[in-house]
Amino acid sequence: MPRLSEVIAALENLWPAERAESWDAVGTVVGDPGQEVSRVLFAVDPVQEIVDEAVKLDADLLVTHHPLYLRGTTTVAASHFKGRAVHTLIKHDIALHVAHTNADGADPGVSDALAGALDLRVVGPLVPDPADPAGRRGLGRICALDHPLTVAEFAARAAERLPATAQGIRVAGDPGALLRTVAVSGGSGDSLFDRVRAAGVDAFLTADLRHHPASEARAETPLALFDAAHWATEWPWCELAAAQLDEISDRHGWDLRVHVSRTVTDPWVTHVPSAPSSSGAPN
């Protein structure tokens with residue numbers, strides 16, 4: 001049975017902390033390097049619901065994509081929800097490790113997993129990592145469809161293949177327009193519009209698209225936009241990461257039991273469509 005330090009070393013080899021963005025907070029948050037690890041749980045968010053799931057699973061290590069303390073803290077008191085998560089983890093000898101932007105730009109990374117979930121063929125990174133001579137690491141992915149699909153057909157594929165959320169998939173563009181190339185970026189992606197336009201793709205699927213960037217992108221090009229829930233675009237990485245750790249465990253003879261949380265931690269719980277209207281905005 002491996003020690004936590006050995007498992008963390010393997011995870012750091014997959015997603016080196018030095019490849020995270022300067023503002024990010026990645027790495028081990030809680031855990032004794034000498035503790036033994038037999039069961040690992042992967043999830044997107046280190047929220048109490050996931051921490052409780054790790055306790056019920058009798059996990060020794062929780063690996064999440066999102067940081068618990070992205071902006072730092074001066075307290076871990078249990079009077080705050082983040083402090084309660086820390087207290088619960090420590091009480092049950094569960095370590096917490098975070099792989100965020102260092103997993104976004106990895107090869108394979110978050111956007112590779114998203115492309116795989118959508119049955120897209122990855123051509124290359126949308127924003128290449130200049131430190132990667134092979135040209136495979138970086139943010140986002142430029143992808144190709146095996147055969148053209150209309151905007152409506154690709155939206156239906158995304159809604160079917162990605163985890164179900166209240167938001168579903170928001171779409172901008174001509175429903176009948178044909179798509180051959182698609183850029184994808186797991187998580188918030190509207191800061192990448194310049195790169196998407198430069199790539200010359202037919203469509204962009206990401207999350208958290210805001211009104212003005214989306215409106216301007218549509219005004220400048222016929223680019224189709226697909227806006228999925230943030231959590232849904234990053235959850236496929238959990239399955240990819242779990243499979244990577246499984247392979248490492250087999251190679252080292254660790255016999256780890258690796259699990260992926262199916263708990264939906266997207267904050268939105270319902271969606272009410274607007275009432276149909278033929279007269280536009282109300283007077």
Side-chain angles (χ1 to χ4, degrees), residues 1-17 25-70 73 75-100 102-103 106 108-110 113 117 163-165 186 230-232 234-267 269:
M1 189 180 299
R3 302 288 178 178
L4 176 64
S5 59
E6 295 175 281
V7 179
I8 294 302
L11 299 182
E12 287 285 351
N13 189 52
L14 292 173
W15 316 298
V26 300
T28 305
V29 180
V30 171
D32 178 351
Q35 74 184 71
E36 293 184 335
V37 175
S38 65
R39 195 183 297 269
V40 182
L41 177 65
F42 281 85
V44 174
D45 297 301
V47 295
Q48 189 67 44
E49 192 174 7
I50 296 298
V51 171
D52 291 341
E53 182 179 346
V55 171
K56 291 178 182 177
L57 187 65
D58 197 24
D60 306 294
L61 171 60
L62 171 61
V63 181
T64 65
H65 183 52
H66 289 152
L68 180 63
Y69 288 108
L70 180 60
T73 187
T75 177
V76 292
S79 54
H80 187 268
F81 72 92
K82 292 188 178 184
R84 285 197 298 276
V86 170
H87 278 251
T88 304
L89 290 166
I90 292 174
K91 283 180 180 179
H92 293 87
D93 292 323
I94 302 172
L96 171 62
H97 186 81
V98 173
H100 192 210
N102 48 332
V110 171
T165 60
H230 189 119
W231 173 85
E234 295 181 326
W235 183 85
W237 172 79
C238 294
E239 290 197 318
L240 169 64
Q244 289 177 285
L245 183 56
D246 258 332
E247 190 276 329
I248 293 170
S249 174
D250 289 345
R251 191 178 346 127
H252 291 286
W254 287 346
D255 196 28
L256 290 177
R257 287 160 289 178
V258 183
H259 305 262
V260 174
S261 174
R262 262 67 184 174
T263 302
V264 178
T265 52
D266 185 76
V269 296

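Index from 1, following the sequence. On a predicted model such as this, the values are computed, not experimentally measured, just so you know.
- Of all non-hydrogen atoms in P2 and V7, the two that sit nearest each other are CG-CG2, 3.8 Å.
- When every heavy atom of L240 is checked against every heavy atom of P108, the shortest pair comes out as CD2-CB, 4.0 Å.
- A donor-acceptor contact shorter than 3.5 Å links the side chain of H65 to the backbone of A99.
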Trace of the ring-ring contact (aromatic ring centres under 6.0 Å, His included) decision for H66 with H230: CA-CA 11 Å; H66 289 152; H230 189 119; 5.1 Å; yes
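- For E239, the CD atom counts as densely surrounded, since its 6.0 Å shell holds more than 12 non-hydrogen atoms of other residues, nucleotides or ligands.
- Using a 4.0 Å cut-off between charged side-chain N and carboxylate O, R262 and E53 make no salt bridge.
- Q48 and T88 share a side-chain donor-acceptor pair at under 3.5 Å.
- Contact between W237 and T64 at its shortest, heavy atoms only, is CZ3-C, 4.4 Å.
- D60 and S38 share a donor-acceptor pair across their side chains, judged by distance under 3.5 Å alone.
- Taking both residues in full, the closest heavy atoms of L68 and V98 are given as N-CG2, 4.4 Å, listed atom of the first, atom of the second, then distance.
- The aromatic rings of W254 and H252 sit parallel to each other, their planes meeting at less than 30°, with 60° as the upper class boundary.
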Intermediate values then yes/no, side chain to side chain contact (heavy atoms under 4.5 Å, CB included), V63 and V40: CA-CA 7 Å; V63 181; V40 182; 4.0 Å; yes
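- For residues 29-45, no pair satisfies salt bridge (Lys or Arg N to Asp or Glu O under 4.0 Å), with sequence neighbours left out.
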